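Comments concern the structure below.
Start at 1 and go down the list; that is how both ligands and their atoms are numbered. These numbers were taken from a predicted model, which means no experiment stands behind them.
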Amino acid sequence: MRCKNLVSIADLEREDIDELFALTAEMKEAGKKDATDICLAGKTLGMIFEKSSMRTRVSFEVAMTQMGGHAIYLTKHDINLGERESIKDVSKVLSRFVDCIAIRTYDHETVTALAENSSVPVINALSDYTHPCQALTDLYTIKEKIGSLDNVKVAYVGDGNNVARSLAYLCAKLKVSYAVSSPVNYELSAEFLEALENNVNGKDSYIKLIGDPRDAVKDADIIYTDTWISMGEEEEAETRRKDFQDFQVNSELISYAKNGVFVMHCLPAHRGEEITDDVIDGVNSIVYDQAENRLHVQKALLKLLINK
Ligand code: CP
Ligand code: NVA
């Protein structure tokens, strides 16, 4: 992997993603046989979490343990980033202690500032802008389930948020068709699409915004959704629940898709809001395999970034 950090999918070239996916498959296989290489013995991951997390925090920590290393969990109360001391000083000092830093925060600029000042790799564990570890896991999971990413069509139904953005970047890089259906005012923004076009030439052949979710899912192999109310948007909850009511992934929407369409969700799910119980628990759902793959993908990512 040529990049030092994973701040966003924009940092990765196609070859990096192929390398990551190949190593993920190897590490997943080794993990099943309890034969994980102790390749990060003596290494430490510093994990700064300014927002809640279950999957990301646990999968990173378990990944380090399984590879013989260690992870330190630092909450807002521990280091009080930017208030007790500057992001620059935290980054400069923390990177003298640890071998890699993962950060989950609000402003994407906090991640970029940390990365700019760090002497060790920085991984974005979710910002308001993007969630690259999730997107990598999602496309890895799709490849694993379908066997290839050739001609795959993903339909994302819901908020044009951090998860939708990182998926857009990764789909464009991997030439996977990605239809996004969001309520008016919640679409991927023109500014975002322009930035994407500047990073990935010809993204227009892959990324489509489609108003009606029934049209978006028609030819899809994957239907993907995420919460209507992301962390930090709690004050908008009431308005958002009204605005998104026609964008629920339920059995009626699934009936417009192909038989055997896979349903994905990054989790945590808000059952009865963006997805119904029968769909998330039903035969189309692959959400728990998707969640498990966070561990395997991040093991490969840590190994590639730390053991350069
Ligand atoms: N999908 C995901 O990142 O989950 P957590 O918020 O629990 O980490
Ligand atoms: N869009 C969600 C993703 C959670 C993993 C959020 O930012 O809260």
Side-chain angles (χ1 to χ4, degrees), residues 6-9 45 47-64 71 73-76 101-111 123-142 154 156-170 178 180-183 185-189 192 222-237 239-241 243-244 247-249 263-271 273-275 280 285-299 301-302:
L6 178 62
V7 169
S8 93
I9 298 294
L45 172 70
M47 306 191 301
I48 304 173
F49 276 80
E50 298 196 308
K51 288 178 174 176
S52 304
S53 171
M54 193 270 270
R55 278 143 291 272
T56 309
R57 184 255 163 113
V58 176
S59 55
F60 268 120
E61 189 161 339
V62 171
M64 288 305 290
Y73 180 58
L74 299 160
T75 68
K76 192 170 170 39
I101 301 170
I103 174 159
R104 168 168 289 198
T105 188
Y106 294 87
D107 287 345
H108 188 67
E109 288 63 37
T110 303
V111 186
I123 299 173
N124 182 350
L126 181 148
S127 63
D128 288 346
Y129 180 63
T130 190
H131 194 4
C133 299
Q134 183 67 53
L136 288 165
T137 302
D138 299 337
L139 271 290
Y140 176 81
T141 305
I142 295 170
V154 178
Y156 178 96
V157 177
D159 193 12
N161 61 13
N162 44 9
V163 168
R165 285 187 210 104
S166 34
L167 276 172
Y169 256 90
L170 194 57
Y178 183 62
V180 186
S181 184
S182 313
N185 296 330
Y186 296 98
E187 302 99 337
L188 292 178
S189 69
F192 167 77
I222 308 288
I223 300 175
Y224 196 117
T225 191
D226 182 20
T227 182
W228 295 339
I229 304 143
S230 284
M231 290 178 276
E233 295 172 344
E234 291 77 9
E235 282 180 8
E236 298 169 30
T239 315
R240 284 177 164 265
R241 282 194 188 100
D243 293 346
F244 280 88
F247 289 77
Q248 185 183 63
V249 175
V263 173
M264 299 179 75
H265 191 311
C266 58
L267 305 178
H270 304 80
R271 289 165 172 257
E273 291 191 11
E274 75 275 4
I275 193 161
I280 195 169
S285 170
I286 56 169
V287 301
Y288 304 115
D289 292 337
Q290 176 189 2
E292 181 195 319
N293 280 338
R294 292 291 304 276
L295 171 65
H296 308 301
V297 169
Q298 287 160 202
K299 275 165 80 174
L301 178 68
L302 288 165

Could you tell me whether a side-chain N or O of S127 sits under 3.5 Å from a main-chain N or O of H108, the two making a donor and an acceptor? no
Among all protein heavy atoms, pick the one closest to atom 3 (C) of ligand 2 and tell me residue, atom and distance. D226 OD2, 3.7 Å
Within the 6.0 Å centroid threshold, strictly below: F192 and Y169: yes
Chi angles and distances behind the ring pair (Phe, Tyr, Trp, His ring centres under 6.0 Å) call for Y129, Y106: CA-CA 8 Å; Y129 180 63; Y106 294 87; over 10 Å; no
Among L267, I229, N162, V163, which one puts a heavy atom closest to atom 5 (C) of ligand 2? L267
Which pair of heavy atoms, one from V157 and one from T225, lies closest together, and at what distance? O-OG1, 2.8 Å
Backbone or side chain, does any N or O of H131 fall under 3.5 Å from an N or O of ligand 2? no
Can you tell me which residue and heavy atom of the protein come closest to atom 8 (O) of ligand 2, and the distance to 0.1 Å? M231 N, 2.8 Å
Cation-pi check, R57 onto Y73 ring (under 6.0 Å, within 45° of axis): yes
So, does S59 use its side chain to make a donor-acceptor pair with the main chain of L295 at under 3.5 Å? no
Under 4.0 Å from a heavy atom of L126: which atoms of ligand 2 are those, numbered in the order shown and with their elements? 3 (C), 4 (C), 5 (C), 7 (O)
Hey, is CD on E234 packed in by over 12 heavy atoms from elsewhere, all under 6.0 Å? yes
Could you check Q298, E61, R104, K51 and say which one makes a side chain to side chain donor-acceptor pair (under 3.5 Å) with T56? R104
Using a 4.0 Å cut-off on heavy atoms, what residues surround ligand 1? Order them by chain and number. S53, M54, R55, T56, R104, H131, Q134, C266, L267, R294
